[in-house]
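Everything on this sheet refers to the single structure shown next.
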Amino acid sequence: MKEQRDKQWDGVAIITGASSGIGEAIARKLAPHAKGLVISARRFEKIKTLASELGKNVVPVECDVRNQTDVERVAQTALEKFGRIDAIINNAGILPMASMTKCRVEDWDNTIDTNIKGVLYGIASVLPHMLERGNGHVINMSSESGRRVFPGVGVYCATKHAVRAISEGLQTDLSYRSKKDGNAIKVTTIEPGVVLTNLAESVTYQPAKEALQTIMNGVEGAMTPENIADCIVYVLQTPPHVEIGEMIVRPVKQSM
Ligand code: NDP
């Protein structure tokens, strides 16, 4: 077990939402040893600059996870450039905070399309390939909001609960099927508490934007994106027969 942990992860991974925050930190952590990384987001200039900084093994692909064709193109690029996909980190997400009493239906649609359908498209883009090879690792970014419901973020919490359910459903189906085909595909859900990132930028309702930023800044000892990237490295480096199903990670002093 120790030997396995000491070995740096050197596979091929896809990271969605790599233009900032947690996704960018994961790309920075994995890039030095990965055989290949395909980093994706809507802001192409950002991921292009990041890729050129990280090295030739990092390829940027513009992608809106709400669009299945975009997500498929990311997976296709990984297969064309590196010949296989060992892991996908379905990280892209938004948090359009506003009281549900405001009935911001457009925000609700966007949150569901990005945080739920984006994850499903990510899974569908790699799963046939992983099933054919009999291994791979699907890592989905949920949240503490996938376990509890906080005021002003009801729909966000619903999407993060859905991500947990989807991960569990996938894990169940894969392990059931494994009895027949022997696949060793892993599924992990990451559930962070407050991480200091630009997530509040995705709030479209102005009064809530400041409120969210204040809440995030007010958490003493809030985590950094690098803290979550370390968790991803840890789960990727477990031995082939060991699967971390869920990882809850929060600032020690977070009380909300
Ligand atoms: P950031 O806002 O820094 O990063 C969000 C990333 O998602 C960006 O790279 C953004 O890229 C991408 N993204 C958003 N919408 C889309 C889309 N439609 N298509 C493709 N990419 C998209 O926030 P975080 O790093 O904090 O968020 C990353 C994940 O972590 C999210 O799923 C979030 O819910 C989760 N999380 C964050 C916590 C926190 O406290 N920060 C706590 C728990 C979970 P671009 O705009 O270029 O498309």
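All values derive from a computational prediction rather than experimental measurement. When reading the values below, keep in mind they use all heavy atoms of this one structure, side chains included, and skip hydrogens, waters and symmetry mates. As the structure lists them, so they are numbered: ligands from 1, and atoms in each ligand from 1.
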Report summary line: In short, side chain to side chain donor-acceptor pair (under 3.5 Å) pairs touching residues 150-160 with sequence neighbours left out are Asn115-Thr159

Query - Pocket residues of ligand 1, ordered first by chain and then by residue number (heavy-atom cut-off under 4.0 Å) - result: Gly17, Ala18, Ser19, Ser20, Gly21, Ile22, Ala41, Arg42, Arg43, Cys63, Asp64, Val65, Arg66, Asn91, Ala92, Gly93, Ile94, Thr114, Met141, Ser142, Ser143, Tyr156, Lys160, Pro192, Gly193, Val194, Val195, Thr197, Asn198, Leu199, Met216

Query - Residues Glu144 and Gln254: side-chain donor-acceptor under 3.5 angstrom - result: yes

Report summary line: Going by chain and number, the hydrophobic cluster around Val71 (ILVMFWY, side chain to side chain under 4.5 Å) further includes Val65, Tyr121

Query raised in the report: For residues 38-58, which residue pairs qualify under salt bridge (Lys or Arg N to Asp or Glu O under 4.0 Å), counting only residues two or more places apart or in two chains?
Result: Arg28-Glu53

Query raised in the report: With no hydrogens and no angle check, do the side chains of Ser167 and Asn140 hold a donor and an acceptor under 3.5 Å apart?
Result: yes

Report task. Check the side chains of Thr204 and Asp107 for a donor-acceptor pair under 3.5 angstrom, ignoring hydrogens and angles. Result -> yes

